K.L.:
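Starting off with a structure, shown below.
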There are 2 protein chains.
Amino acid sequence: MSSRGRPVVTSHADIERAAFRLFAERGFEGTTLDAIAEAVGVGRRTLFRYFDSKNDIPWGQFDRTLDGFRSILAGMPDDLPVWEAVHRGVVEFNRFDPEADPPHRERMELLLRTPALQAHSVLRYADWRQVIAEYVAQRLELRPDGLLPETVSQVSLALALSGYQLWLADEEASLTDLLEEAMSSLREYLELG
Amino acid sequence: MSSRGRPVVTSHADIERAAFRLFAERGFEGTTLDAIAEAVGVGRRTLFRYFDSKNDIPWGQFDRTLDGFRSILAGMPDDLPVWEAVHRGVVEFNRFDPEADPPHRERMELLLRTPALQAHSVLRYADWRQVIAEYVAQRLELRPDGLLPETVSQVSLALALSGYQLWLADEEASLTDLLEEAMSSLREYLELG
DNA sequence: CCACTATTGGCACCGAGTGTCGAAACACGA
DNA sequence: TCGTGTTTCGACACTCGGTGCCAATAGTGG
């Protein structure tokens, strides 16, 4: 089917590896697309056929994980309170493969500590949030663009981000634990007084 | 003191007005810096002496409002539960001048509906979040970069964003009301008193 | 009238991103 | 074996945002 025509000379994974190596050496801003293209052994123009922008390279194939996220949420028992279902779903979604290459920690460090990527990433988070908003809407029979689904999706992202932030600050920390702690510290915070 | 040297030929407000007019006509992406420079009657190079980037123009003089935000929080009674002090502070901070030019609604519509600005804005939110994290840390005698202050600042932003989102969707809505509703819907969602 | 000073604006340059188009490299059927 | 169709590749030219540099400008004050 797709075996006709000129064969591809590279892949998302190829580019990702070469790019991460350069990012580690010279930093994200210090690495030009020309340098990546050269390292991969491909024309600069070709990079854009695999990734929409330089900012998208560190994200890899993130889109593909969203179906998995949807499944995780859909599989949550209906008798679980919505907030707990969402919370467990988020925690589950962030159980990454410890053998991943590039390592999850390296990827997230790049994404969350590089200003240009911090900024660009909100555009990627949007799809992730949409998954949550739709789940909440479906569970509570609301419109996905209503206040509660929207709020929940934003707050879930907020909790994940602060969990990741602390995780990055501590080499030994467990991401799962920190995501749990973020949620429980929010609950305590709101119960004060 | 500052009256020596060549006098300025424009101002932040000048540029902002000209830019907003063009953004309204041709959209943000469709407006080049050359066009703005020409409309203001100034060299393109000069624009960068007033704003760090094109993305910063819609934000205007946002930095300057942060001191006000700090004062608002500092003025909150100490016997108020922290979460409520922060919440009231956020609501108070978002009481904008209805006569503002450009109008607050137009500005926020641009900022929250233009992808490039949605992305870039997280870099501006960072300072705003820092104000909250520091207040929470001070009130609870914690480090500002600890989990709770970080989480609270992220969640406060999340609540504000979802309030704004719904506000933009409804011409008649009150931002203050929606910020209140965002907080109360979160509390219900988390099944708290 | 002469320094001094701060802003301006032009120029050259870099890097990301896009549109276009011909060429390369394969599979397949004649 | 030789086209033919198909798909990817890569080069080129171009736009736009952003930066470094520097001379010119237009004031103030002695």
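This one's a predicted model, so the numbers in the text were calculated from it and none came from an experiment. Values below: every heavy atom of this structure, side chains too, minus hydrogens, waters and symmetry copies. In what follows, chains are A, B, ... by sequence order, proteins preceding strands, each numbered from 1.
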K.L.:
In whole angstrom, what separates Leu47(B)'s CG from dC16(D)'s C1'?
P.N.:
14 Å

K.L.:
For Arg26(B) and dC16(D), what is the distance between atoms CZ and C1' respectively, to the nearest whole Å?
P.N.:
14 Å

K.L.:
When only distance counts, do a donor and an acceptor, one from the side chain of Arg45(A) and one from the base of dG17(C), lie under 3.5 Å apart?
P.N.:
no

K.L.:
Please determine whether a side-chain nitrogen of the Lys or Arg among Glu84(B) and Arg88(B) lies less than 4.0 Å from a carboxylate oxygen of the Asp or Glu.
P.N.:
yes

K.L.:
What integer distance in Å separates Arg4(A):CZ from dA25(C):C1'?
P.N.:
14 Å

K.L.:
With a 4.0 Å cutoff (strictly under), does any side-chain N or O of Tyr50(B) reach OP1 or OP2 of dG9(C)?
P.N.:
no

K.L.:
Taking any heavy-atom pair under 4.0 Å as a contact, classify Gly5(B): base, sugar-phosphate, or nothing.
P.N.:
base

K.L.:
Nearest to the side chain of Ser53(B), which nucleotide is it out of dC9(D), dG9(C), dG18(D)?
P.N.:
dG18(D)

K.L.:
Write down the distance between CZ (Arg6(A)) and P (dC9(D)), rounded to a whole number of angstrom.
P.N.:
7 Å

K.L.:
Output the rounded distance in Å from NZ (Lys54(A)) to P (dG18(D)).
P.N.:
14 Å

K.L.:
Atom CD of Glu38(B) and atom C1' of dT8(C): how far apart are they, to the nearest Å?
P.N.:
17 Å

K.L.:
Using distance alone, with no hydrogens and no angle criterion, decide if Tyr50(A) and Asp14(A) have a side-chain donor and acceptor under 3.5 Å apart.
P.N.:
no

K.L.:
Choose from dA16(C), dC26(C), dC21(D) the nucleotide whose nearest atom is closest to any side-chain atom of Thr32(A).
P.N.:
dA16(C)

K.L.:
Ignoring hydrogens and angles, answer whether the base of dG17(C) and the side-chain atoms of Arg44(A) contain a donor-acceptor pair closer than 3.5 Å.
P.N.:
yes

K.L.:
Does NZ or CZ of Arg107(A) fall inside the cone over Trp59(A)'s six-membered ring, less than 6.0 Å from its centre and within 45° of the axis?
P.N.:
no

K.L.:
Starting at the 5' end of DNA chain D and moving along, which residue's nearest nucleotide shows up first, Gly41(A) or Asp34(B)?
P.N.:
Gly41(A)

K.L.:
Please check the phosphate of dT8(C) (OP1 and OP2 only) for any side-chain N or O of Thr46(B) closer than 4.0 Å.
P.N.:
no

K.L.:
Using a 6.0 Å distance limit plus a 45 degree cone around the ring axis, check whether Lys54(A) lies over the aromatic ring of Phe28(A).
P.N.:
yes

K.L.:
Expressed as a whole number of angstroms, how long is the span from Glu29(A):CD to dG15(C):C1'?
P.N.:
11 Å

K.L.:
For DNA chain D, whose closest nucleotide is more 5', that of Val8(A) or that of Phe48(B)?
P.N.:
Val8(A)

K.L.:
Parallel, tilted or perpendicular for His104(A) and Trp167(A), by the 30°/60° rule?
P.N.:
tilted

K.L.:
Taking CG from Asn55(B) and C1' from dA16(C), how many angstroms apart are they, rounded to a whole number?
P.N.:
14 Å

